[in-house]
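First up is the structure itself, then whatever we jot down about it.
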Amino acid sequence: MDLNERQWDAVRHTEGPVLILAGAGSGKTRVLTSRIAYLIGEAHVAPWNILAITFTNKAAGEMRSRVESSVPGGAQGVLCATFHAACLRILRRYADLLGYDTHFSIYDSDDSRSLMKGILKRFQLETRDLKLRRFLGTVSSAKDELLNPTEYLLAHQYDRDADRLAKAYTEYQAALKAANAMDFDDLIFNTVLLLKKHEDVLEEYQERYRYICVDEYQDTNNAQFELIRLLSAKYRNLCVVGDDDQSIYRFRGANIRNILDFEKVFPDAYVVRLEQNYRSTSTILNAANGIIANNRGRKKKTLWSDLGEGDPVRFFAFANGYAEAEFVADDVARKKRRGIPFSDIAVCYRTNAQSRLLEERFVQEGIPYELVGGVNFYARREIKDILAYLKTVDNARDDLAVMRIINVPKRGIGSTTLEKFSNYAASHDISLFDALKDSDAVVSGSAATKVKGFVSMIAALRALSLEYGVAELIRRLIEQVHYIDYLDSLLDESLADDDENERVHNVEELIEKAAGYEESTEEPSLTGFLEEVALVADIDLTTEGADRAMLMTLHAAKGLEFEHVYITGMEEDVFPSYQSCQAEHYDPQAMEEERRLAYVGVTRAKETLTLSCARQRVLHGEAQYHEVSRFVREIPREYLNLDDYD
DNA sequence: AGAGTGCAGCAACTT
DNA sequence: GCTGCACTCT
């Protein structure tokens with residue numbers, strides 16, 4: 001293994017707390033994998049005593065295969081997983097200690113939203129200046145602070161609206177528990193709770209995971225920090241890797257202090273700085289350094305590279321977004337003609353909405369591309385419908401799932417009938433599905449018949465689920481409910497003959513994914529499939545190998561690298577975003593986070609970096625005019641090609 | 001009682 | 001451009 005001096009240092013220092021400050025492109029993944037290989041091969045640590053936490057499933061998979069190839073056959077037992085996946089593993093074994101059934105469902109953000117919406121309606125908690133968003137945000141940050149509803153109220157009793165927020169939090173948790181479901185934050189929160197309440201469980205996992213590595217440590221939140229603190233408390237072999245300059249998830253509760261204060265919490269921490277960059281030209285690196293130097297709260301470091309100067313960073317200003325998109329597409333095509341594969345190229349932007357113009361232009365010019373993000377595959381309506389059927393089969397207490405599919409496709413069970421059943425369920429303290437089973441007690445006549453039909457259909461599917469695998473179950477259920485006909489009926493007739501129905505295509509893809517899951521998993525199960533599906537990120541779904549340019553947000557680009565990178569929309573109020581520009585005066589942190597995002601974007605590029613802006617752009621349906629982004633101006637002029645600047 | 005239609009309101013980043 | 005909701009029609 002060819003590692004530099006510092007990297008070796010980080011690899012060999014296996015015992016005790018270690019902080020690796022790894023600048024962008026400094027070979028941190030290589031260090032982490034080498035370290036794990038070293039633990040197994042040289043320090044003779046058993047693979048199953050190692051836990052490696054990564055940010056995405058994709059990163060976890062890459063790490064697993066890289067460890068596997070450097071320690072052939074020896075890396076089997078290493079657990080490489082995201083925080084959420086690692087917690088899920090623990091909870092599937094011990095959730096009963098917290099009063100959940102181990103088949104609990106996982107609610108994604110959409111599910112959380114619907115659930116909360118229902119609660120706000122039922123208890124009339126929503127007002128003009130206290131909206132759904134704030135309720136959800138409050139619950140999420142309460143869980144991050146590890147406060148249950150009672151503790152939350154106690155800690156925030158003098159805050160405005162605290163009583164209503166606490167009420168919503170209480171009811172929301174009660175509803176989740178009744179539905180035998182956990183949201184994303186619960187996965188962490190409940191694991192911490194479990195470990196704190198049950199010393200024997202804590203001890204089991206402390207013994208198990210004697211060596212813990214955490215990647216992208218700058219993006220951990222408070223609850224996640226508490227989790228690893230607990231797990232590593234006994235053996236104290238905690239190695240965290242991160243770069244405070246790349247902390248870009250503050251909005252989601254990431255606490256940059258976790259990395260900045262690591263040495264305060266672990267005074268005996270061994271600190272390694274990786275400052276040699278193996279990715280970018282010095283020009284690109286200097287541009288990045290010029291930008292990030294404007295931030296105040298950061299650990300000083302100086303990245304350097306010996307990969308040569310390379311080309312200057314290019315900046316182009318266009319009259320509008322169309323011209324910008326046209327340029328990017330043309331320029332990508334030009335690169336291709338010069339022999340550069342599309343797959344070496346990424347186009348990044350601040351918000352997903354910006355992808356549309358680019359996509360249109362790429363399609364026109366016949367440039368193959370892959371869009372990362374946008375509407376998550378698993379968030380699409382047709383996919384959520386099928387998954388709701390599966391969830392209902394797997395966990396009948398999941399009211400939200402039942403609610404979603406009871407009248408999809410239409411089977412004549414409308415809102416009035418549903419309301420009766422909801423009330424019946426609430427007053428008898430049973431799940432919606434159990435209420436449906438009591439249909440005669442709630443409604444009569446045709447409504448009762450329809451409900452009975454639904455209940456027996458689910459029962460039949462449940463029987464099928466014991467007999468068949470997930471893929472076959474899906475095939476049979478869509479046939480049973482005539483789901484494809486339903487999807488076709490959704491299409492506008494004018495469009496119908498043209499393209500084939502994309503939703504149908506998505507459903508077929510889901511079946512393929514289910515089949516893939518069954519092949520790649522030792523003991524496939526419906527629960528297992530549902531959880532795999534619940535925790536995937538957009539970036540996990542990207543396909544490698546195809547020669548396509550990548551289109552993605554700057555957030556999604558984190559951890560990736562490309563020979564040629566374009567960043568579009570370099571405009572004030574776009575990037576930096578409108579919100580952060582507004583907040584600038586009372587919350588300088590917001591602007592610093594935008595700047596870190598710019599730093600992340602710039603440092604993705606290996607050979608060339610192209611920035612662009614549009615003087616005029618249509619946002620929210622109206623034309624807006626913007627100045628050139630401050631981040632462009634922060635790049636020292638000597639590294640910038642100024643042909644079209646000013 | 002349920003289904004279909006039109007329109008307002010909204011649109012950061014994401015496990 | 002999309003979703004959720006209120007209103008009207010069957």
Side-chain angles (χ1 to χ4, degrees), chain A residues 53-60 81-88 106-110 112-114 117 121 131-133 136-137 140 143-144 182-189 216 219-221 223-224 247-254 348-357 359-360 372-376 378-381 406-420 443 445-447 450 489-490 531 533-540 552-558 569 573-583 590 593-594 596-598 600-601 618-622:
Chain A
I53 304 268
T54 56
F55 202 69
T56 62
N57 292 298
K58 191 182 180 200
T82 62
F83 270 106
H84 291 85
C87 286
L88 187 58
I106 299 163
Y107 277 9
D108 64 22
S109 346
D110 276 352
S112 302
R113 212 165 146 259
S114 324
K117 210 174 209 170
K121 202 169 173 190
K131 288 240 163 63
L132 179 63
R133 266 179 96 109
L136 287 168
S140 181
K143 287 177 182 174
D144 177 31
M182 296 191 197
D183 68 16
F184 283 144
D185 298 318
D186 282 336
L187 294 177
I188 316 286
F189 178 90
E216 306 284 9
D219 284 318
T220 50
N221 65 24
Q224 291 167 337
S247 171
I248 54 173
Y249 283 97
R250 194 177 73 109
F251 71 92
R252 203 176 73 190
C348 303
Y349 33 79
R350 180 64 178 84
T351 66
N352 275 309
Q354 289 167 250
S355 71
R356 186 171 300 133
L357 292 181
E359 276 191 88
E360 280 169 9
V372 180
V375 185
N376 184 325
Y378 291 104
R380 284 164 211 224
R381 195 212 299 197
I406 189 161
N407 204 29
V408 175
K410 300 260 179 292
R411 43 177 79 87
I413 303 174
S415 53
T416 319
T417 307
L418 253 179
E419 192 147 328
K420 285 179 188 159
V443 292
S446 71
K450 290 169 189 161
S489 75
L490 290 179
E531 79 189 30
V533 154
L535 296 179
V536 294
D538 295 321
I539 197 74
D540 299 331
M552 68 186 94
T553 62
L554 290 154
H555 281 88
K558 184 173 100 159
D573 290 345
V574 174
F575 185 34
S577 73
Y578 176 75
Q579 285 88 343
S580 57
C581 291
Q582 294 303 301
E593 173 138 320
E594 291 289 310
R596 290 193 292 270
L597 191 55
V600 168
V618 178
L619 282 176
H620 308 138
E622 58 178 319

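Chain naming here is simple, since letters A, B, ... match the order of the sequence lines and numbering starts at 1 in each. Values below: every heavy atom of this structure, side chains too, minus hydrogens, waters and symmetry copies.
- If you check every strand for non-hydrogen atoms under 4.0 Å, A:Lys450 touches nothing.
- Across all strands shown, A:Asn407 has heavy atoms under 4.0 Å from sugar-phosphate atoms exclusively, and none from any base.
- Counting any heavy atom pair closer than 4.0 Å across all strands shown, A:Thr417 reaches sugar-phosphate atoms only and no base atom.
- Heavy atoms of A:Arg133 sit under 4.0 angstrom from primed sugar atoms or phosphate atoms, though from no base atom.
- In this structure, A:His84 NE2 and A:Ile106 CD1 are separated by 9.5 Å, a value rounded to the nearest 0.5 Å.
- Residues passing the salt bridge (Lys or Arg N to Asp or Glu O under 4.0 Å) test with A:Asp573, sequence neighbours excluded: none.
- Heavy-atom nearest nucleotides on DNA chain B were determined for A:Leu597 and for A:Ile413, and the one closer to the 5' end corresponds to A:Ile413.
- Residue A:Asn352 places at least one side-chain N or O under 4.0 Å from the OP1 or OP2 atom of B:dC13.
- Reading DNA chain C from its 5' end, the first and the last nucleotide to sit under 4.0 Å from a heavy atom of chain A are C:dG1 to C:dC5.
- In summary, A:Glu593 and A:Arg596 engage in a salt bridge, as defined by a charged side-chain N under 4.0 Å from a carboxylate O.
- At the heavy-atom level, A:Lys420 lies under 4.0 Å from the strands shown only through sugar-phosphate atoms.
- For A:Thr56 and B:dT15, the shortest distance from a side-chain N or O to OP1 or OP2 is not below 4.0 Å.
- Between A:Glu593 and A:Gly414, the one whose closest nucleotide on DNA chain B sits nearer the 5' end is A:Gly414.
- Inspection of the A:Glu419 and A:Thr416 side chains reveals no N or O donor paired with an N or O acceptor under 3.5 Å.
- In this structure, A:Glu594 reaches the bases: a heavy-atom distance under 4.0 Å links it to at least one base atom across the strands shown.
- Relative ring orientation between A:Tyr249 and A:Phe55 is described as tilted, the plane-to-plane angle lying within the 30° to 60° band.
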Show the numbers, then the answer: is there a side-chain contact (heavy atoms from CB on, under 4.5 Å) between A:Phe83 and A:Thr220? CA-CA 9 Å; A:Phe83 270 106; A:Thr220 50; 3.6 Å; yes

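- In this structure, A:Arg350 reaches the bases: a heavy-atom distance under 4.0 Å links it to at least one base atom across the strands shown.
- Checked against B:dA12, B:dT14, B:dA1, the side chain of A:Phe251 finds its nearest nucleotide in B:dT14.
- Residue A:Ser577 has no polar side-chain atom (N or O) positioned under 4.0 Å from OP1 or OP2 of B:dC13.
- Using a 4.0 Å heavy-atom distance criterion, A:Tyr578 is classed as making no nucleic acid contact.
- Residue A:Asn221 places no side-chain N or O under 4.0 Å from the OP1 or OP2 atom of B:dT15.
- The salt bridge (Lys or Arg N to Asp or Glu O under 4.0 Å) test applied to A:Glu594 returns A:Arg350, not counting sequence neighbours.
- Comparing atom distances between the A:His555 side chain and each of B:dT14, B:dT15, B:dA12 picks out B:dT14 as nearest.
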